[in-house]
Every structure is written in C-alpha cells, then in structure tokens.
Amino acid sequence: MSEEKKDTAALEDLSLPAPKWDNPSVPVHPLNGERYTSKEFFQKEFDTVWAKSWLLLGRESEIPKPNSYQVENVGPESILMVRQDDYSVRAFFNVCQHRGSRLTFSRDGETNSFTCPYHGWEYATDGQLIKAQDPEDFPRNPCEYVTLVELKCELFAGFVWVNMDTDCESLRDFLGPVWEDWERYRPDDWQRFTAMTVNVPCNWKVLQDNFCESYHLPTVHPQLRESHEESYQKTSFDVCNEGHSRMIMLGATPSETQYGPEPPLTEGLSERLKLWDLDPADFEDRALEARKALQEQMRRVGPERGHTHYGNLRDEQLTDAHMYNIFPNCSLTFGADGVLLQRMTPHPTDPEQCVFDHWYYAFTPPNGEDVLRAQTNVRVDAKGAEQEFFDYGDRPMGIIPDQDVAITTGQQLGLRSRGFQRATAAGQEDRISWLHSIIDEYMNGQRP
Ligand code: FES
Ligand SMILES: [Fe+2]
C-alpha cells in the first residue's frame with residue numbers, strides 16, 4: 001500500500017460502514033434455461049465474455065521465483081503464467097507455435113524452458129523459441145521470429161489476472177471500487193490453506209448465481225444463523241457499473257431474525273471471543289453485543305499480535321462477511337484474516353458442466369498464533385495445502401460447499417426442463433440479474 005493510501009486510512013473514521021457503490025438500476029433478467037444448457041449460447045459466451053474479460057487465474061505466492069510457473073485451464077484454453085527474471089509475471093497460451101500441440105501438461109513447476117512433446121521445439125520462459133529441430137529445413141530459422149502467444153497479465157491482491165483481449169482496459173479500471181476495498185486487507189502474501197478443484201455437473205453460471213444471492217441461506221445453510229445475520233433487510237448489497245457486486249452481511253453474531261430477540265451465544269462465537277481474550281460468560285445473556293465487543297478488542301489487540309492490516313480495516317471488515325462477485329466467474333468472501341475464493345470455469349465443450357475451485361487463503365500472524373481457529377465455515381487444511389482434483393460426490397468438500405453444490409446440480413436438471421420458462425426473482429436476487437445483464441451486454445457487443 002502506498003504512503004498516500006496509509007494516510008488516507010489513518011484520517012478515515014473506520015467505524016463508518018463502507019460507502020455505497022454507484023448502484024445503477026438493475027433490470028430484472030428472465031434467466032431462461034437456454035442460457036445454462038445451449039451449446040450455441042455457450043460458444044458465443046466463451047468468445048465474447050471469457051475471451052474479453054480479466055480473469056483471476058494464478059497466485060503470486062505459488063510462482064515465487066524466476067522460472068516458476070503455473071498453468072490454469074479456462075474452458076478450451078490453457079494458460080501458462082511464468083515468473084520472469086525481473087520478478088514480473090507473463091502469461092502465454094499453452095500452445096506450441098509449430099503445429100499446435102499443447103506445450104506442457106503439468107500444472108506447475110520450475111523450469112528453464114518449455115519443450116514441446118511433439119517435435120521438441122523449445123521455448124524460453126519469456127516465450128521466445130530457442131531451439132527447433134532441423135532449422136535449416138525452414139525458409140528462415142524459426143528461432144529468429146517465433147514466440148508463444150502472449151496475453152495481458154497484471155498482478156493485484158496477490159493474484160495473477162489474465163485477459164485474452166490484448167486491447168483490454170487496465171485491471172484497475174475493470175475492478176472499479178473493488179480495488180480500494182481489497183487493498184485494505186493487504187492480502188498479497190496470504191497463504192493457501194485449502195485448494196479443491198472439483199468437476200461439477202452444472203453450468204458455471206448456476207454456481208455463480210448461487211453466490212450472487214443470500215436468499216438461500218436459511219434453507220440451504222441453516223447452520224449459518226449461528227454466526228451471521230442472514231436477513232436481507234440487515235444486509236448491504238451493491239452493484240457497480242464495472243459489472244461486479246458486493247454483499248456485506250453481519251458476522252460474529254447469531255441471527256436475531258432467525259432466533260428472535262434473545263439469541264443464544266453459539267459455540268463458534270464463544271470460541272472466537274476466547275481467541276481474542278474475551279470471556280464468553282460475559283455475553284451469555286447478550287449475544288448480540290458480542291460483535292461490537294469483538295471489533296473493539298480486535299482493534300485494540302490486533303496490531304500487537306501482528307495484524308497490522310487491521311489499521312486499514314473498517315470495523316465491519318473485522319467481523320462481517322464481505323462477499324464480492326467478480327465478473328464473470330469469481331466470488332470472494334473476505335474476513336479480517338482470510339479470503340475464500342470460489343471460482344467457476346466452463347468445461348471445454350459441455351455447457352452443463354464446469355470446474356469449481358474452492359480455495360482459501362489466509363493471513364498467518366508472525367508470532368505463529370493460530371488465527372485460523374477464528375475462521376468460521378471454511379474447511380481449513382495445512383499451510384500451502386496441495387491442490388486436490390476430484391469429481392463432485394467422490395469426497396466431501398466441506399459442509400457449506402457440499403450444500404451449495406447439491407442444490408446447484410439439482411437446479412441444472414430443472415433448467416433443462418421445458419417446464420421452466422423464466423425465473424421469478426426477489427429484489428435481493430438483483431445481483432444475479434446484474435451478472436446476466438452484463439453477460440448480455442458482452443454478447444451483444446455493447447461491452448467491453
Ligand atoms: S507441435 Fe510442437 S514441436 Fe511440433
Ligand atoms: Fe450457499
């Protein structure tokens with residue numbers, strides 16, 4: 001964070017809620033089933049949306065040194081992100097320029113060069129072809145002019161962002177108000193603690209839609225009432241012209257709407273109070289006051305425990321769930337010390353399947369304190385957890401994602417039916433309409 005930014009944060013009243021976004025009016029979208037099932041729609045959507053948007057693809061800390069690389073697949077495309085000698089990151093299509101073979105099938109690693117498995121063309125990590133078999137047999141030595149095809153690549157919040165459209169706007173312009181919100185957490189060096197990549201039998205938008213509304217919380221995740229105030233009337237929703245949306249839901253509190261005016265102090269909340277040296281017994285009869293007390297205590301004790309980024313966080317960022325739906329395909333839920341990244345990418349050919357990433361990154365305090373105990377509702381594995389790949393249903397992902405995916409795979413079945421014509425959406429589902437309106441604008445050529 002720049003000096004100028006630090007000063008701004010210091011002058012700010014952090015007890016105030018986040019400023020609202022521009023909130024353009026959201027037309028209600030019919031959300032007909034064809035959008036989730038048609039091959040034609042799927043292809044056009046890939047060409048106009050996916051090939052033209054900034055995509056959150058890699059993680060800087062996972063390619064820490066020159067020559068380290070990561071590969072991510074997006075539908076039919078495979079994209080190579082490589083750390084350069086000057087520590088910048090460059091991205092290339094993972095495709096050999098001789099006759100189109102995929103260049104590498106490994107997901108990550110460290111290498112001085114990439115050698116095509118077919119005829120052995122070898123590329124340096126900056127994309128330049130450095131070796132070709134029988135170069136004299138070409139009209140001109142290909143090493144003199146062949147390079148991998150490069151994509152736009154920028155770094156922000158510790159993530160590597162890539163855009164296949166080389167004429168695109170800057171990442172900062174694309175992210176709009178999201179940029180300033182995320183910068184406050186200083187998430188750049190947060191470490192990965194969970195990384196599941198799961199094949200799911202539903203269109204990618206069915207999952208992103210689900211993450212764009214909290215209407216399903218009381219029915220699909222009944223346990224969340226123990227730690228969140230789920231009422232839409234007490235939740236703040238925003239959309240921005242750039243195409244993203246945000247939900248801020250009260251956390252560190254049992255739901256007054258669900259339990260009534262005197263909700264119990266739940267076990268998870270008691271644990272969280274203890275972690276910050278507050279006595280749960282003091283809140284037995286006043287559980288609704290725990291959130292405020294926790295904010296004050298985190299503010300007081302946090303910096304000396306190494307959580308220096310709390311100095312930039314608003315009170316609500318200390319306790320409440322801040323969920324960002326980044327156009328087109330990512331939903332990130334920030335807590336004070338960690339972010340859950342849920343990302344959906346299309347299957348290479350089938351509109352009714354997608355790849356779902358459920359990853360968690362967290363701050364690790366310098367004194368080794370186990371801050372992860374404070375994280376609720378996320379399965380947390382080891383620091384630097386290995387990425388796991390599996391098909392939905394083969395093994396559990398964790399209670400909440402299993403609940404979500406069980407619902408979305410069932411919804412996909414209904415979206416296929418001739419018995420479904422259009423959605424009847426509630427006001428609190430506006431963020432879904434917003435996502436689909438922006439998709440339509442890309443597909444109609446009105447964006448980017
Ligand atoms: S296709 Fe790569 S070397 Fe021939
Ligand atoms: Fe959910």
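From a predicted model like this one, the values you see are computed outputs, not experimental measurements. Both ligands and their constituent atoms are indexed starting at 1 by order of listing.
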[X] heavy atoms, cut-off 4.0 Å: which ligand 1 atoms fall inside?
X	answer
S101	1 (S)
C96	1 (S), 2 (Fe), 3 (S)
Y118	1 (S), 4 (Fe)
W121	3 (S)
C116	1 (S), 2 (Fe), 3 (S)

* Which residue and non-hydrogen atom of the protein lie closest to atom 1 (S) of ligand 1, and at what distance in Å? -> R99 N, 3.4 Å
* Would you say H119 has an N, O or S atom lying under 2.8 Å from atom 2 (Fe) of ligand 1? ->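 It does not; every qualifying atom lies at 2.8 Å or beyond.
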* Identify which one of Y36, W50, F42, F356 satisfies the ring pair (Phe, Tyr, Trp, His ring centres under 6.0 Å) criterion when paired with W204. =>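 Exactly one pass, corresponding to W50.
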* To do: Report yes or no: is the cationic atom of R246 (NZ for Lys, CZ for Arg) closer than 6.0 Å to the six-membered ring centre of F237, at no more than 45° off its axis?
  =>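 Here R246 fails the 6.0 Å and 45° test against F237.
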* **NZ or CZ of R59 within 45° of Y361 ring axis and under 6.0 Å** => yes
* Step through it carefully: locate the ring centre of Y69, locate the ring centre of F92, and say whether they are under 6.0 Å apart. =>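 No; F92 has its ring centre 6.0 Å or more from that of Y69.
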* Are F193 and F363 an aromatic pair by the rule of ring centers under 6.0 Å? -> no
* Structure fact -> For D404, the N, O or S atom at the shortest distance from the Fe ion (ligand 2) is OD1
* **Which atom of H216 approaches the Fe ion (ligand 2) most closely (N/O/S)** =>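 Of the nitrogen, oxygen and sulfur atoms in H216, the Fe ion (ligand 2) lies nearest to NE2.
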* To do: Find out whether E122 and C116 are in side-chain contact, i.e. whether some heavy atom of one side chain is under 4.5 Å from a heavy atom of the other.
  =>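 Of all side-chain heavy-atom pairs linking C116 with E122, none is under 4.5 Å.
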* To do: Classify the angle between the aromatic ring planes of W182 and F334 as parallel (below 30°), tilted (30 to 60°) or perpendicular (above 60°).
  =>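 Ring orientation of W182 relative to F334: tilted.
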* H98, N/O/S atom nearest atom 4 (Fe) of ligand 1 -> ND1
